[in-house]
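One structure below.
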Amino acid sequence: MDATVPPTTAPSSRALRPDGTRARIHPKETNGRYTRLQQWLYPALILFYAALPWVPVGGHPAVWIDIPQRRFYLFGLTFNSTDFYLVFFIISGFAFSLVVLSALVGRVWCGYACPQTVYIDGVYRKLERLVEGTARERQAREQGPWTAERVARKALKHVLFVLVSLLIAHVFLAYFATAEDVLEMMQRSPLENPTPFAWVMAITGLLYFNFGWFREQFCLVLCPYGRMQSVLVDRDTVTVGYDALRGEPRGKLKGEAHGDCVDCRMCVQACPTGIDIRNGMQMECIACAHCVDACNEVMVKIGKPTGLIRYDSLAGLEHAKRQFWRPRVYGYIVAGLAGLTALTLAVNHRKAFEANLLWAQAAPRTVQGEQVVHRMVVHLNSKTAEARTYQLSLDAPEGAQVILPTPAPTLEPFGSVHLPVMVVTSKTSGGERKVTLHAKDSVTGEVRSAVLKL
């Protein structure tokens with residue numbers, strides 16, 4: 001039996017016409033185990049996203065990016081602008097996780113957790129099907145004339161799209177202004193809060209454009225992840241694929257002897273990016289498995305085993321030996337553990353407050369007879385979300401006089417203060433000439449020190 005996949009001269013995706021223009025995709029509804037999993041997973045992810053600004057952790061929202069005050073709250077941890085370097089670990093850790101995930105199970109992130117997929121399939125396409133019907137009904141209506149019913153359905157769909165986009169934009173704003181502030185601003189005139197209102201309108205427009213019209217073009221044109229697929233996967237990576245050895249040559253169900261593929265094209269009709277998975281691994285595939293569910297439905301109806309299209313590696317699809325544990329997996333695990341260790345150490349060793357000893361900007365030294373007056377400034381910067389008192393002390397050269405007007409300042413949450421200090425020394429005093437500041441957190445006992453040479 002010839003198992004060669006027939007060549008094709010058509011575009012790789014039916015989202016593109018032969019002349020390169022875009023064609024509207026209406027994915028066929030499927031009802032398999034992967035679709036049912038997504039029907040539970042998508043609402044859970046959306047609820048998680050919407051709940052984070054509302055759920056309090058440690059007296060603050062679980063996630064709150066307070067840009068005006070340069071503070072960031074993350075699941076009980078508090079950070080300020082000086083902790084910005086930790087963003088490197090967060091972003092690189094997420095990117096590395098995608099690399100590991102891709103090496104093991106392909107683009108499963110795209111099909112099950114990417115916000116682009118979650119909101120299109122979990123919200124916008126559901127509204128579209130509710131208003132305009134099934135994929136077949138929508139296609140038939142688009143090929144017909146513009147009737148009053150068609151206009152009314154289109155108008156209602158886009159009104160709902162705008163309202164949902166507006167809601168998502170307000171949830172996004174709550175990550176930066178707290179949910180309570182967003183609710184209060186919604187009850188006031190937009191003129192009272194022009195900047196947040198402008199951001200909400202801009203985000204609403206972007207969401208409406210993306211999820212209401214651009215859709216799969218984001219994955220096909222803008223997203224770089226699919227283009228990295230060729231270097232992230234190998235023959236043992238599990239991904240969605242077509243078993244050509246079993247399915248070819250294709251033929252009608254009641255025709256001559258052929259493989260199990262009856263060329264019904266249900267897999268193509270179900271694909272949200274419009275590709276034919278039978279042509280092999282493609283950049284446009286997001287591993288959503290809608291083609292798997294569609295094909296399995298057909299296999300059940302014609303009395304053949306399911307799994308003609310399935311999650312499998314290229315080696316498995318060729319009926320060869322598969323190897324999950326391989327050198328690159330071990331390398332990724334070691335690198336991942338190293339990155340996780342670095343992030344853990346960086347967070348755990350993050351300073352809860354900073355203490356610096358600086359020269360005063362105006363007349364840092366003055367000579368008064370046989371004495372030298374050194375004017376300094378103690379700079380304290382708190383990174384905690386509650387008020388703290390700090391005990392200050394200075395070690396000065398022998399015989400020096402230390403004048404510290406505020407030995408126990410109390411700082412407000414994320415507060416910062418500059419306190420004057422004077423050290424009076426003799427012009428003839430010898431020995432090591434330096435001043436050492438010790439600042440002690442009265443709650444945790446943590447001590448920070450700073451040294452300034454005289």
Side-chain angles (χ1 to χ4, degrees), residues 1-8 12 30 32-38 41 95-114 117 219 225-250 258-262 266-268 270-273 275-300 302 304-337 339:
M1 180 180 296
D2 183 10
T4 304
V5 176
T8 178
S12 58
T30 56
R33 59 177 177 172
Y34 298 112
T35 302
R36 289 192 293 270
L37 172 61
Q38 292 159 357
L41 183 61
F96 185 78
S97 299
L98 283 184
V99 170
V100 175
L101 198 64
S102 300
L104 297 176
V105 290
R107 293 177 63 184
V108 69
W109 158 264
C110 297
Y112 292 86
C114 176
T117 303
C219 305
Y225 186 39
R227 289 166 172 78
M228 297 170 58
Q229 188 172 219
S230 60
V231 297
L232 297 178
V233 304
D234 56 24
R235 286 178 48 80
D236 295 299
T237 298
V238 175
T239 187
V240 175
Y242 166 66
D243 190 342
L245 291 175
R246 173 185 156 189
E248 300 298 326
R250 308 169 195 171
H258 53 75
D260 285 355
C261 180
V262 295
M266 290 298 177
C267 56
V268 181
C271 180
T273 59
I275 67 169
D276 189 340
I277 193 63
R278 298 172 297 177
N279 292 335
M281 183 181 294
Q282 297 155 71
M283 178 198 73
E284 297 86 355
C285 178
I286 61 173
C288 63
H290 290 178
C291 57
V292 177
D293 287 339
C295 183
N296 284 344
E297 286 186 70
V298 175
M299 291 296 107
V300 170
I302 65 177
K304 292 185 179 293
T306 59
L308 178 60
I309 300 175
R310 62 181 182 271
Y311 278 111
D312 206 341
S313 64
L314 292 178
L317 292 170
E318 295 173 3
H319 299 190
K321 183 179 179 181
R322 291 171 292 184
Q323 184 179 2
F324 180 82
W325 296 105
R326 47 200 191 275
R328 72 160 58 191
V329 174
Y330 290 117
Y332 288 152
I333 291 176
V334 172
L337 290 176

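Hydrogens, waters and symmetry mates play no part in the numbers below; they use all other heavy atoms, side chains included. Count residues from 1 along the sequence.
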CG/Leu314 to CZ/Arg322 distance, rounded to the nearest 0.5 angstrom? 11.5 Å
Is the side chain of Ser102 donor-acceptor paired with the backbone N or O of Leu232 at a distance under 3.5 Å, no angle test? no
Closest non-hydrogen atoms of Ala287 and Tyr311, given as atom of the first, atom of the second and distance, are O-OH, 2.8 Å
Minimum side-chain heavy-atom gap Val262-Ile302 below 4.5 Å: yes
Report yes if the side chains of Asp234 and Arg326 come closer than 4.5 Å at any heavy-atom pair, otherwise no. yes
Is the closest side-chain donor-acceptor distance between Asp236 and Ser313 under 3.5 Å? no
Should Arg33 and Asp293 be marked as a salt bridge (charged side-chain N to carboxylate O under 4.0 Å, His left out) after you check the CA-CA gap, both sets of side-chain angles, and the distance that decides it? CA-CA 7 Å; Arg33 59 177 177 172; Asp293 287 339; 5.7 Å; no
Any non-hydrogen side-chain atom of Met228 less than 4.5 Å from a side-chain atom of Leu98? no
One pair to check against side chain to side chain contact (heavy atoms under 4.5 Å, CB included): Ile277 and Cys271. What are the steps and the verdict? CA-CA 9 Å; Ile277 193 63; Cys271 180; over 6 Å; no
Minimum-distance pair of heavy atoms, taken over all atoms of Glu284 and Thr273: O-OG1, 3.1 Å
Nearest 0.5 angstrom please: Trp109 CH2 to Tyr225 OH, how far? 9.0 Å
Is there a side-chain contact between Met299 and Pro305 in this structure, where contact means two heavy atoms from C-beta onward sitting under 4.5 Å apart? no
For side chain to side chain contact (heavy atoms under 4.5 Å, CB included), just list the numbers for Tyr34 and Cys288, CA-CA rounded to whole Å, side-chain angles, deciding distance to a tenth of an Å, and then say yes or no. CA-CA 8 Å; Tyr34 298 112; Cys288 63; over 6 Å; no
Nearest-0.5 Å distance, CG of residue Leu317 to OH of residue Tyr242: 10.5 Å
Between the main-chain N or O of Lys321 and the side-chain N or O of Gln323, is there a donor-acceptor pair closer than 3.5 Å? no
Salt bridge (charged side-chain N to carboxylate O under 4.0 Å, His left out) between Arg235 and Glu318, intermediate numbers included: CA-CA 10 Å; Arg235 286 178 48 80; Glu318 295 173 3; 3.0 Å; yes
Kindly compute the distance separating CH2 (Trp325) from CG (Leu104), expressed to the nearest 0.5 Å. 7.5 Å
Over all atoms of both residues, closest heavy-atom pair of Ile309 and Val292: O-CG1, 3.4 Å
Do Arg107 and Val233 make a side-chain contact, defined as non-hydrogen atoms from C-beta onward lying under 4.5 Å apart? no
How close do Ile286 and Thr117 get, counting heavy atoms only, and between which atoms? CD1-OG1, 4.0 Å
Residue pair Glu248 / His258, side-chain donor-acceptor N/O under 3.5 Å: no
Can you measure from CG (Leu308) to CG (Asn296) and round to the nearest 0.5 angstrom? 8.5 Å
Rounded to the nearest 0.5 Å, how far does CG of Asp260 lie from SG of Cys295? 9.0 Å
So Val268 and Ile275, side chain to side chain contact (heavy atoms under 4.5 Å, CB included) or not? Walk me through it. CA-CA 6 Å; Val268 181; Ile275 67 169; over 6 Å; no
In terms of heavy-atom contacts, His290 and Ala270 come closest through CB-O, 3.6 Å
Do the side chains of Val240 and Cys291 get nearer than 4.5 Å, heavy atoms only? yes
If every non-hydrogen atom of Tyr112 is compared with every non-hydrogen atom of Ala289, which pair is closest and at what distance? OH-CB, 3.8 Å
